[in-house]
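Basis for what follows: all heavy atoms, side chains included, without hydrogens, waters or symmetry-related copies. To find a chain, count down the sequence lines: A is the first, B the second, and so on, and within it residues start at 1.
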Amino acid sequence: MADLYISEETADDIERAAVDASLGGRFVVVRESERLIRAGTSKRHGHRHLLLPALHALQNAKGWISPGGLNHVCETLQVPPAEAYGVATFYDLFRTDEPSQVGDVTHVCVDAACQIAGSAARIADLKAQGVNVHESPCLGQCERANDVTGEVAEFVQGVGGPDRVEADEQPYALFHQQGDESLRLLKRIGQVDPTSLASYREHGGYDALAAAIAMGAEAVCTAVADSGLSGRGGAAFPTGIKWRAVAAERGRPKHVVANCDESEPGTFKDRVVMENDPFAVIESLTVAGFATGAENGWIYIRGEYPLATARLQNAINQALEAGLLGDDAAGSGHRFNIEIRRGAGAYICGEETALFASLEGFRGEPRSKPPFPTTHGLFQEPTAINNPETLLNALEIVQIGADGYRSRGTERSPGTKLLCLSGRVAKPGVYEVEFGTTLGEVIELAGGITGSGELNSILMGGAAGSFVDASYLDMPITLEDARERGTTLGSGVVLAFTDEIDMVDILVRISQFFRDESCGQCVPCRVGCVRQNETMVVLQEKGSLTPDRRQLVDDIAQVMVDASICGFGHTATNAINSAIELGLVPGVPS
Amino acid sequence: MTATFETPVETSVSLTIDGEAVEVPAGTSIHKACESAGIDTPTLCWAENLTPVNVCRVCVVEVEGQRALVPSCARPAEEGMVVETDSDRVKHSRKMVLEFLGSGVNLDQAPELEKWIEHYGSDTGRYDQYDLPALKMGEAPKIQDNLYIRDYDRCVLCYKCVEACGDDAQHTYAIAISGRGFDARISTEFDVTLPDSACVYCGNCIGVCPTGAIQFKTEYDLREADDWRPDDQDVTRTVCSYCGVGCNLELHTQDDKIVKVTSPADHSVTSGMLCIKGRFGWQYVQPLDPPTRKQ
Ligand SMILES: Cc1cc2nc3c(=O)[nH]c(=O)nc-3n(C[C@H](O)[C@H](O)[C@H](O)COP(=O)(O)O)c2cc1C
Ligand code: SF4
Ligand code: SF4
Ligand code: SF4
Ligand code: FES
Ligand code: FES
């Protein structure tokens, strides 16, 4: 690789100190001249994966990433400045122009749950107070949205101080199933001290890892396969098949990754688990590492989850100290360590291959499959990537066996499912329900529909999912029933709307979400998301779609489903199309 | 892996394309297999001399058993594959990809694309109805030196220039994709001018750009003067006289003046790539305004 040619700007002391602290200062920079840096072939394989942490440090230090600051990162990590700039400009939490207003930035959610609770009013209010406001996609705190109090989800991005969520300063009070004996995945929420390994152990923590070690790696993979567990991140891929494929790979470093990017609008289950039972995430990732023979564990967590990040880091530190991680993790004879990486505001980075690219220090652009992550995942090495809810299920499986696990749920959807209830329900929050429970029962569990209107639709599975109407209340929550009835469970979103809500506003926002979040790599999605949004805006202005515009909506959807690279483009038109089909949009020719 | 004698290495694969049996060497892309069967496939982000990025999706085909369409440029043909290149789904996707591009990007210097737009009946104008015109790239030309210009109003974001500047040829990494979604653009760091960037003026980005978004300043000036006449141009193949590597040059001349320099993509020495001397160093034949030099 060529040497690096950098611009004249240099970092100031604050930027230099922040970057050096984040990187640990083990780097040698060889300067040929003021602007020419000697670089080696280590560029792509060496330190590139530290780019994201370094950019976070710059952003936090000054509230933006300056040319001088970027140069310092580039020469330290040997990354070409144009590429580093390309990475920095990919993420919503980074800015590359100097802000006019210095200081903390309050991100306010404008997605569905908060939209109908009044985020527009809240934003106007904050702006009137002179607060530096940034409109944000779903912040993963949808259960906090409350149309009575007007509370909506917020996240404060710190400058010179830590990021924070003000609501986190109160004890968590939105878990409504405490004491329910039948809980499997959420049994410790509200019971265990999330900051204490001792407390976790008192509540049965690390029994599963001990059981897994006693069984042996192969038996764990077999139990997980026999249990019928499928992925909870959205795609419902059989976890046993994934783990066995990685276990079968020999001779290369292997990885297990917990996909904690949770950015699907309406989804907040992983956050509740990570904040309130973080050791369970660490233990289950360790089980996955043991079962697959991977030595490297990674947690990629969205940047807007400061409390979950801190709790997980604390859990890792305590586990390391107790020998539950490290060279001989829990006496298994197997080395296993976990590193946390923070995302920086990009929904697409939850897509597994985009997540790898992001973690490696590249733009979060999905890669084409095949090859699949089990052979070419993180750093092109064998990788098992799972949603934390999926991982939590593995803890149950190793303890109660595949048959015990299958004692609940249905034949094709065994076990339990975490659902994220929000919108116009009386008690929004995360609920663990047995597969087979009906949608109506779930809504009753959350206190039923509230507000002045009648239930008119439910968004299932998030923005990438689809709208259903009240005729679906008898639908059992299972993968097979959802598929048969043309909807999806996706990431477990159940977001209720009543008939006093203007659904066109909701659709405009959903289409704006996809427009903002597309990585932009492939033409069908990059342009299609914009055109879809434009047709929704026209619909809002005119009050109806003409037949030719209706044709356009269908044409756009078809090419995005057929020809996009990744699941983002494949699903970005679902919600809009289902809403039109359900007749939620006035004056649309069918 | 241990080699065994029982399983011979597969050297060719047989597949069916539009109902015809086709046999190609193992590892051949579906696109190449189509070509060998006499089927013309549109491509945009693919090039002989670059690693496939399969982002434009104009080359998609339908493969039996696959839910989504697959990019023919990047997917290797497999034994027993059944490929459709002219099904309704394929035609719709190609039509829409071209339509999307035409609705936001100036393609009037991309005759190959205009040909396919006509072929698939893409209606690039149907987005500009009502009071809400479809969003365009909306970029003004960047003219920062007298060697070449960048007019990103014509950019289809095919990644070719980035690949040529980076891993696939030049290893200079002066340009990359910045931004996200529709805001993505080809850019230097903080959009600094080319003379201030790492650019070494090899012009390899110009050589691979399919839409005229990057072009010689000489070509740009002639086009602006409405005096660009490809039909009146001669192409003379010669060998670069600067060093001993033996790069082949194609000198494009109009009215006996060199107006641009290319190298054949299939040439064994260059694979179409040159350095600043071969690309721009023709002043000893014909003077040019002095180039802007990097400080
Ligand atoms: C646009 C997009 C966003 C995604 N976001 C997430 C996410 O935030 N969390 C997650 O676990 N999976 C997400 N996924 C699914 C992942 O690609 C992957 O399938 C999943 O992490 C695998 O884990 P599982 O098998 O345990 O579900 C997303 C997929 C797409 C296409
Ligand atoms: S479908 Fe969208 S998000 Fe996925 S690769 Fe294409 S542009 Fe990016
Ligand atoms: S002229 Fe060469 S170095 Fe400059 S941007 Fe183009 S490919 Fe890169
Ligand atoms: S400038 Fe040309 S080569 Fe580069 S991405 Fe745009 S269209 Fe492709
Ligand atoms: S946090 Fe507002 S919709 Fe999820
Ligand atoms: S030419 Fe195949 S995807 Fe672009």
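Of the residues considered (A/Cys522, A/Cys519, A/Gly520, A/Pro67), A/Pro67 shows the highest number of contacts with chain B, using heavy-atom pairs under 4.5 Å. Here A/Glu517 is the residue among A/Arg515, A/Glu517, A/Arg367 with the most heavy-atom pairs under 4.5 Å with chain B. Of the listed residues A/Tyr91, A/Phe90, A/Phe514, the one with more heavy-atom pairs under 4.5 angstrom with chain B than any other is A/Phe90. Among A/Gly251, A/Ser518, A/Gly364, the residue with the largest count of heavy-atom pairs under 4.5 Å with chain B is A/Ser518. When each of A/Ala84, A/Ser7, A/Gly528 is scored by its heavy-atom pairs under 4.5 Å with chain B, the top score falls to A/Gly528. By number of non-hydrogen pairs under 4.5 angstrom with chain A, the leading residue of B/Gly104, B/Ala184, B/Gly181 is B/Gly181.
Only the side chain of A/Leu70 comes within contact range of chain B, judged by heavy atoms closer than 4.5 Å. Of the two parts of B/Arg75, only the side chain, counted from C-beta on, holds a non-hydrogen atom closer than 4.5 Å to a non-hydrogen atom of chain A. When heavy atoms are compared at a cutoff of 4.5 Å, B/Val97 approaches chain A by way of both its backbone and its side chain. Heavy-atom distances place no part of A/Asn71 under 4.5 Å from chain B, backbone and side chain included. At a 4.5 Å heavy-atom cutoff, the contact between A/Ala346 and chain B is made by backbone and side-chain atoms alike. Heavy atoms closer than 4.5 Å to chain A are found in both the backbone and the side chain of B/Ile177. The contact between B/Thr188 and chain A is made entirely by backbone atoms, counting heavy-atom distances below 4.5 Å. Both the backbone and the side chain of B/Ala134 have a heavy atom closer than 4.5 Å to some heavy atom of chain A. In this structure, the portion of B/Val156 lying under 4.5 Å from any heavy atom of chain A is its backbone and not its side chain.
In this structure, B/Arg67 does not pair ionically with A/Asp562, as no charged nitrogen and carboxylate oxygen lie closer than 4.0 Å. Taking the charged nitrogens against the carboxylate oxygens, B/Asp183 and A/Arg526 have no contact shorter than 4.0 Å, which rules out a salt bridge.
Atom CZ in B/Phe190 sits 9.0 Å away from atom OG1 in A/Thr89 (nearest 0.5 Å).
Enclosure of atom CZ in A/Arg483 is not indicated, since only 12 or fewer non-hydrogen atoms of other residues, nucleotides or ligands lie within 6.0 angstrom.
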Intermediate values then yes/no, side-chain hydrogen bond (donor to acceptor under 3.5 Å, both in side chains), B/Ser103 and A/Arg531: CA-CA 10 Å; B/Ser103 72; A/Arg531 299 292 175 251; 2.9 Å; yes
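Counting heavy atoms from C-beta outward, B/Arg57 and A/Ile565 have side chains that approach closer than 4.5 Å.
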